[in-house]
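Only one structure is covered here, and it is reproduced in the block below.
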Amino acid sequence: MSIAKTYSPKEAENKWYSYWKDNGFFRSTPDDREPYTIVMPPPNVTGVLHMGHMLNNTIQDVLIRRARMQGKNACWVPGTDHASIATEAKVVALLKEKGIDKKSLTRDEFLGYAWEWKEKYGGIILSQLEKLGASCDWERTKFTMDPDLSEAVIDTFIKFYKEGYIYRGIRMVNWDPQGKTAVSDEEVIRKEVNQKLYYIKYQIKGSSEFLTIATTRPETIMADAAICINPNDERYSHLKGKTVLVPLINREIPIIEDTYVEMEFGTGCLKVTPAHDLNDYELGVKHNLQVIDILNDDGSLNEKAEILIGEDRFIARKKIAKLLEEVEQLDKVEDYKSQVGFSERTDAAIEPKLSMQWFCKMENLSKPALDYVQSGEIKLIPEKFTSSYKHWMENVKDWCISRQLWWGHRIPAWYNEHREWVVAKTEAEAIAQFKQEGKSFEGIKQEEDVLDTWFSSGLWPMSVFDGVRNPENKDFQYYYPTNDLVTAPEILFFWVARMIIMGHDYTGKAPFQNVYLTGIVRDKLGRKMSKSLGNSPDPIELMGKYGTDGVRVGMLLSSPAGNDLMFDESYCEQGRNFANKIWNAFRLVNGWEVVDAPSTDAQQTAAKWFENRFNQAVAEIDEHFKNYRLSDALMSTYKLIWDDYCAWYLELIKPAYQSPIESETLETAKKFFQQILALAHPFMPFLTEELWHEDLFGSRDEKDCVIVAQFPEVKPFDETIIKEFEIVQQIISEVRNIRNTKQISPKVALPLAINATFIDFTKYQDSLIKLANISTLTFVREKITGAVSFLAGKEECYVALEDNIDVDAERERISKEIEYLNGFLVSVDKKLSNERFVQNAKPEVVQNEQNKKADAETKIKILEESLASL
RNA sequence: GGAGAAUUAGCUCAGCUGGUUCAGAGCAUCUGCCUUACAAGCAGAGGGUCACUGGUUCGAACCCAGUAUUCUCCACCA
């Protein structure tokens, strides 16, 4: 039977994914096995698969597949996030295309469109996850706005309210004029922007004198409530107690004093605009200033501005500058760089705005959440994130949880005609509440605002198991707390911290044990991959090009935990090549004719060596997994397969051309092959499953799949066997090297003589002859003159060439080696003759140095003898 | 401005509590091979003052201080 020369992934991928799914391998229900649970960070319903998802979900899949193969009850819960702002923005934009204005719709009409959109596009990303092999329990797929999850959110709001964490208040919030909603501090991205610093002259009332202030926002002068100077500033001391006139509108405002003003910056005078700047607001509160809000929700000027009503803030800025120039109150304009906040979701410049919002008090909630991480009960991987987590948790401000949107969980608060309010789950309960408080319930109306998306995502590890509404249920009891969370460091505070807070508040337990923080996927130039830069490859296309296994391997090869990943397609190429290597190893073994016979001695030796080497690698890999060093685990697997299995083991047992292989050895080779497939399966699920079912390995019943095969367990191994074989490998390499440097064809067999003093090479004879292409192998007890000699370990080897050897070159080579060893010996001697070293160093270290010394002396002796014999 | 991290081969990174011949891996490069599993391959080789300067130590890539560069987070002065 002939098999294609290269592995073509496409067919295998479709075939095996549906096979796994149809046979229920991804499904999990509670039983008496140990559970291993991961909840997927729910991608936004608006999302399409990008490289970040690819990395993140590959890691989760590797962890879950390995756990499954280790016999744990592995459960990976997928789902999507409603993402209020992003989704609402998307729906609004779509409606606009159709010529529908959101304002013309009722809330219910709009939500109708939004749900329609969600049904149509919300599942795209999940189906894309299937392409990368994600072995999620799809029957558990959840959406943050599913009825049961929504109820959990509402219940939580009410619970938090009753516990006194939730309050209403007027606050300066980050207003997104495009999304027309408040956003949290964490959703504001600060960017450095080239701006202009305008120097504006304010006339002192009753005087011809002007006071100059510097501002980047001239359009807000109509909202000025005061001019502030530093009380220690002698330049302005004569102005204390006076008032000035706001240019263009001539409103009178006081000059106040506060040390907040820095004398060195600008002119040392500050215009105070409480409605449009956080610091100014605080100054305003302190000095009891008037708050004049001149902006509409969309960022345009309102009638309080008196002029330019209806103009957008940025257009107004330019116009005001012009108007000021006309009345000669614009002193000068300078270029100026400063940080401006932008909305993460809409990229609109954030406007500080005063408004009535709902808040969650964080002080008491954050403390236990910090303790989990501090005590190590929750481990952040890599650890370096612990300190920034601590810093954030200790300085956390109250969380603004209301959003002026429709898409999301509507806040369960109810107002009566007098704008008095109660918090209740339903209108009926609200009415009852009003009655109880002796208040009117006439004109009862629910709060229009919805909750911040993260309020619901914070419940995710609980709500996917219905643990908020029904904590006694079997699933929740079994799967919660979950084991590992794999997510991006960017949302450590947004999301991870809030899950810990909410998980603790409900269950008194941490929602997970380990948080694996992946790096950010960057391009070769180190830039973050983004749609706007167009530097992000489409993972689906990549998978088409290199195969899913290839891309998975490519991603993991380059991403130690927490390190950003400089993505380069060549990693995928390496992954594809690796897949192909395994494929071809299979072709080799598969193509052998068999003869019913026991293994030869050489084959038995090879098997023994490989078995030990395999167990050594398994131990290494296990260690790497324990430390969440997935790229190292993969690299160990890669080297075990490519170097040890293919390059050494298979070459050792390979029968001569057109000769059959001994049946016992073939069986052994097949056994190893299957163990290797199992080991590689978490990384390369499709290729390994495809090969697993080849006839070579015998017939399998339908549930016998590598996805549920036993993952190789850690077993003891004999290191001396591995070490001894390393000497054999070294001899083979040396002989090949001699051929290479002397330009002798690999086809020419060479004689080899070994002066073996430490190792018994008899069991390696055939292997040496085969892999080094030796004509005659002899064991000698004395020097051989006229041959090229080399040391393998402490064994001296000779290769006699037909031509006379170049004595001078040999002499030089050996001398160099002696020189190096002498240098080494000197450094060792220096240590050993240093009394303080012998006294202070650990005994085993001293012993080691003594061994090193003895070794070097032995080698030098042998080499010196060789030199003499030349 | 505050905090944290990083700097090791051309690239991406290992190097655990200072002590194995410790200066490593993979990729890339170079040389020779279309050897009947695989040129997506085989064999071999070359590449580094461990950012810099001091210090601690018997001993430093590793610990400490300073300098330079880079990155991340937080806070910001109009």
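The structure presented is a predicted model; accordingly, all values stated were derived computationally and were not measured.
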Across all chains, not counting sequence neighbours, the salt bridge (Lys or Arg N to Asp or Glu O under 4.0 Å) partners of A:E569 are A:K545
Sorted by chain and number, sequence neighbours left out, salt bridge (Lys or Arg N to Asp or Glu O under 4.0 Å) with A:R313 holds for A:E351
Classified by glycosidic angle (syn within 90° of 0, else anti), B:rG15 comes out anti
Residue pairs passing the side-chain hydrogen bond (donor to acceptor under 3.5 Å, both in side chains) test with at least one member in residues 726-735 of chain A, sequence neighbours excluded, are none
Quickly work out the [X] [atom1] to [N] [atom2] distance and round it to whole Å.
X	N	atom1	atom2	value
A:N395	B:rC73	CG	C1'	12 Å
A:L832	B:rU20	CG	C1'	13 Å
A:K390	B:rA3	NZ	P	13 Å
A:E620	B:rA14	CD	C1'	12 Å
A:F567	B:rC27	CZ	C1'	14 Å
A:K271	B:rA78	NZ	P	12 Å
A:I491	B:rC73	CD1	P	14 Å
A:E394	B:rC73	CD	C1'	15 Å

- request: For nucleotides B:rG10 and B:rG48, find the distance between their P atoms and express it as a whole number of Å.
  value: 7 Å
For nucleotides B:rC62 and B:rU53, find the distance between their P atoms and express it as a whole number of Å.
13 Å
Q) Do A:R587 and A:N584 meet the criterion of a side-chain donor-acceptor pair at a distance under 3.5 Å? A) yes
Residue-phosphate contact under 4.0 Å: A:Y336 side-chain N/O, B:rA78 OP1/OP2
yes
> A:R629 side chain N/O closer than 4.0 Å to the phosphate oxygens (OP1, OP2) of B:rA25?
Replying inline: no
*Aromatic ring proximity, centroids under 6.0 angstrom, A:Y645 and A:Y649*: yes
How about A:F673 and A:F697: are their ring centroids closer than 6.0 Å?
-> yes
- Message: What's A:S570 touching, base or sugar-phosphate or nothing? Going by heavy atoms closer than 4.0 Å.
- Response: nothing
Notebook entry, point to check: Which part of the nucleic acid does A:T216 contact within heavy-atom distance under 4.0 Å: base, sugar-phosphate only, or nothing?
Noted result: sugar-phosphate
Going through the checks in order, is the side chain to side chain donor-acceptor pair (under 3.5 Å) test met by A:K379 and A:T386?
CA-CA 8 Å; A:K379 253 174 70 187; A:T386 309; over 6 Å; no
Just the table, please: protein N/O against nucleotides 56-58 of chain B N/O, every pair under 3.5 Å.
{"from": "B:rC58", "atom 1": "OP1", "to": "A:R836", "atom 2": "NH1", "distance (Å)": "2.7"}
{"from": "B:rC58", "atom 1": "OP2", "to": "A:R836", "atom 2": "NH1", "distance (Å)": "3.4"}
{"from": "B:rC58", "atom 1": "O2'", "to": "A:N834", "atom 2": "ND2", "distance (Å)": "2.6"}

On RNA chain B, more 5' by nearest nucleotide between A:Q658 and A:S387 is A:S387
Look at atom CD of A:E593 and say whether more than 12 heavy atoms of other residues, nucleotides or ligands are closer to it than 6.0 Å. no
The side-chain hydrogen bond (donor to acceptor under 3.5 Å, both in side chains) partners of A:R576 (sequence neighbours excluded) come to none
Dump the intermediate steps for side chain to side chain donor-acceptor pair (under 3.5 Å) on A:S8 and A:K10, then the final yes or no. CA-CA 6 Å; A:S8 28; A:K10 194 138 246 152; over 6 Å; no
Kindly give the atom pairs (protein nitrogen or oxygen, nucleotide nitrogen or oxygen) under 3.5 Å for nucleotides 37-46 of chain B.
{"from": "B:rA37", "atom 1": "O2'", "to": "A:N584", "atom 2": "OD1", "distance (Å)": "2.6"}
{"from": "B:rA37", "atom 1": "O2'", "to": "A:R587", "atom 2": "NH1", "distance (Å)": "2.8"}
{"from": "B:rA37", "atom 1": "N6", "to": "A:E651", "atom 2": "OE2", "distance (Å)": "2.8"}
{"from": "B:rA37", "atom 1": "N3", "to": "A:N584", "atom 2": "O", "distance (Å)": "3.0"}
{"from": "B:rA37", "atom 1": "N3", "to": "A:A585", "atom 2": "N", "distance (Å)": "3.3"}
{"from": "B:rC38", "atom 1": "O4'", "to": "A:N584", "atom 2": "OD1", "distance (Å)": "3.0"}
{"from": "B:rC38", "atom 1": "O4'", "to": "A:N584", "atom 2": "ND2", "distance (Å)": "3.4"}
{"from": "B:rC38", "atom 1": "O2'", "to": "A:N580", "atom 2": "ND2", "distance (Å)": "3.4"}
{"from": "B:rC38", "atom 1": "O2", "to": "A:K581", "atom 2": "NZ", "distance (Å)": "3.1"}
{"from": "B:rC38", "atom 1": "N3", "to": "A:K581", "atom 2": "NZ", "distance (Å)": "2.8"}
{"from": "B:rA39", "atom 1": "OP1", "to": "A:K5", "atom 2": "NZ", "distance (Å)": "3.4"}
{"from": "B:rA40", "atom 1": "O4'", "to": "A:N577", "atom 2": "OD1", "distance (Å)": "3.0"}
{"from": "B:rA40", "atom 1": "O2'", "to": "A:N580", "atom 2": "ND2", "distance (Å)": "3.1"}
{"from": "B:rA40", "atom 1": "N3", "to": "A:R576", "atom 2": "NE", "distance (Å)": "3.3"}
{"from": "B:rG41", "atom 1": "OP1", "to": "A:N577", "atom 2": "ND2", "distance (Å)": "3.3"}
{"from": "B:rG41", "atom 1": "O3'", "to": "A:K581", "atom 2": "NZ", "distance (Å)": "3.2"}
{"from": "B:rC42", "atom 1": "OP1", "to": "A:K581", "atom 2": "NZ", "distance (Å)": "2.8"}
{"from": "B:rC42", "atom 1": "OP1", "to": "A:W642", "atom 2": "NE1", "distance (Å)": "2.7"}
{"from": "B:rA43", "atom 1": "O3'", "to": "A:R736", "atom 2": "NH1", "distance (Å)": "3.4"}
{"from": "B:rG44", "atom 1": "OP1", "to": "A:S733", "atom 2": "OG", "distance (Å)": "3.0"}
{"from": "B:rG44", "atom 1": "O4'", "to": "A:N740", "atom 2": "ND2", "distance (Å)": "3.3"}
{"from": "B:rG44", "atom 1": "O2'", "to": "A:N737", "atom 2": "OD1", "distance (Å)": "3.2"}

